[in-house]
Amino acid sequence: MMNSAKLSNLTQAQLESLAVQARSYSQGGRLPDYIPLLAQVNPEWFAVEINCTDGQSFRFGETEIPFVLMSVIKPFVLLCLLEEMGKEGVFSHVGMQPSDQAFFSIEQLEADKGWPRNPMINSGAIALASLLPGDNGFSRCENLRQWLNQRAGANLMLDKAMLNSVVAAGGERNRAIAKVMFESGFLNAPEIAIDTYNHICCLAVNVSDLAKLGMLLAQEKAGISIENRRIVNALMLTCGLYEASASFAVKVGLPTKSGVSGALLSIVPSAGAIACYSPALDHVGNSKAGIFFLEKFTNSLNLSLFI
C-alpha cells in the first residue's frame, strides 16, 4: 500500500490515542534556558496536526498556541534559495554532508576549515541567511515570510518579543561560528547574517501553519520544482535531527526537522505532512514528546520510506 493511502486511513481515534501517550512522555524533558522566553512556556503543551494530500486533516491538543520555528525554518530557507538561485548557486556556499556533532558545534566547523557542512546546522543556516534578498535582517526576514505565506497559504508572523529575548541572550556561539566562516572566506557581512538568522528563527506559527508549510515539501505545488523539493527532503532525512539523524532514519524513516522551541515537522512524500509542537526537549535538543509521537505514529501506520 502506498504511503498516501496509509496516511489517509488514519482515524481521529488513532491520532488521539497516540497523542495522549506522547503528551505524558513530555515529563522529564527540559526547556532551553539559554533563551529566556523559551524557558517560560508550559512544558506540558502538546499539539499535532496532520495534513494529507487528499485534503483530509487531523489535529489534537493545543493547536492554536503560537510558537517560534527556530531551526524548523532552515529547510524553507533552503527551499526558497534553491528556487531563487538554483542548486549550483546554493551549494557553492554550503555542503550536503551530515554532521556527528551538535548543531552549534564550532569544533566541527574548525575541523572543516570554516566550510559549513550542511544547511540544517547553524553554520549552514547562517551562510544561507546571508544570501536572502534584502538590506538588513528585518527586510530579509520579511521577504522570506511573504514568500512562504504566499506559497503555503500560511500565516507566519515575526515574534518581536522572542527576537528581543534571543538578541538579549547574546548568541555568542553563533557569533563565533560566523567569525570562523568569515575568516575562512565563506561568509560576507557576518553581522547582517547573524541578524537575519535571529529574525528568521523567530518567525512564529501554530501547528496548522506548520503543517501547511510542510505541504510545500509533500506534494506538487505551482512554482516549486520537484528537484528542489527532493533535495530539501533528502537533507532533512540525513541532517534534520543533527547527530540523531541516522538513528531516527532507522527508527522512523521520514524527512524530519526539529527546533529548540519544540517544533517538529515530518514529511511523508506524496502523502502529507505531520506537524508537532511540544516544548520539553530531550538531551539532543529535539522535542521529547514529538519524537516519541513520530516514532509510534509512523510505525503504527508503516509510513517509513524504507519498506
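Heavy-atom basis, side chains included; hydrogens, waters and symmetry copies ignored.
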Under 3.5 Å, is there a donor-acceptor pair between the side chain of [X] and the main chain of [Y]?
{"X": "Gln56", "Y": "Ser8", "answer": "yes"}
{"X": "Asn118", "Y": "Cys239", "answer": "no"}
{"X": "Lys6", "Y": "Leu303", "answer": "no"}

**Asked** Do you know the tightest heavy-atom contact between Leu210 and Cys276?
**Response**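 For Leu210 and Cys276, the tightest heavy-atom pair comes out as CD2-O, 4.0 Å.
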**Request:** Looking only at non-hydrogen atoms, find the nearest pair between Arg145 and Leu158 and report the distance.
**Result:**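 Result for this residue pair: CD-N, 4.4 Å.
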Run through the side-chain heavy atoms of Ile, Leu, Val, Met, Phe, Trp and Tyr, join any pair under 4.5 Å, and report what else lands in [X]'s cluster.
{"X": "Ile192", "answer": "none"}
{"X": "Tyr34", "answer": "Ile35, Leu37, Leu38, Val68, Met70, Phe103, Phe104, Ile121, Met162, Val166, Tyr242, Val260, Leu281"}
{"X": "Val250", "answer": "none"}

**Message:** With side-chain hydrogen bond (donor to acceptor under 3.5 Å, both in side chains) as the rule and sequence neighbours excluded, what pairs involving residues 280-297 come up?
**Reply:** Ser258-Asn286
**Pairs meeting criterion side-chain hydrogen bond (donor to acceptor under 3.5 Å, both in side chains) with involvement of residues 173-184, two or more places apart** =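 Of all non-adjacent pairs touching residues 173-184, those that pass side-chain hydrogen bond (donor to acceptor under 3.5 Å, both in side chains) are Asn122-Asn174, Arg175-Glu191, Lys179-Glu183.
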**Asked** Does a side chain donor of either Ser99 or Gln108 reach within less than 3.5 Å of an acceptor in the other side chain?
**Response**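 Ser99 vs Gln108: donor-acceptor pair found between side chains.
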**Item:** Exercise: do Asn228 and Glu83 side chains pair donor with acceptor under 3.5 Å
**Value:**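 Yes.
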**Request:** May I ask you to decide if the ring planes of Phe292 and Tyr25 are parallel, tilted or perpendicular, using 30° and 60° as cut-offs?
**Result:** parallel
**Request:** Indicate, with yes or no, if Ile194 and Val180 share a hydrophobic cluster defined by side-chain heavy-atom contacts under 4.5 Å among Ile, Leu, Val, Met, Phe, Trp and Tyr.
**Result:**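 Yes; tracing contacts between hydrophobic side chains, which count when under 4.5 Å, links both residues.
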**Message:** Tell me which pairs pass salt bridge (charged side-chain N to carboxylate O under 4.0 Å, His left out) where either residue lies in residues 85-105, with sequence neighbours left out.
**Reply:** Lys87-Glu227
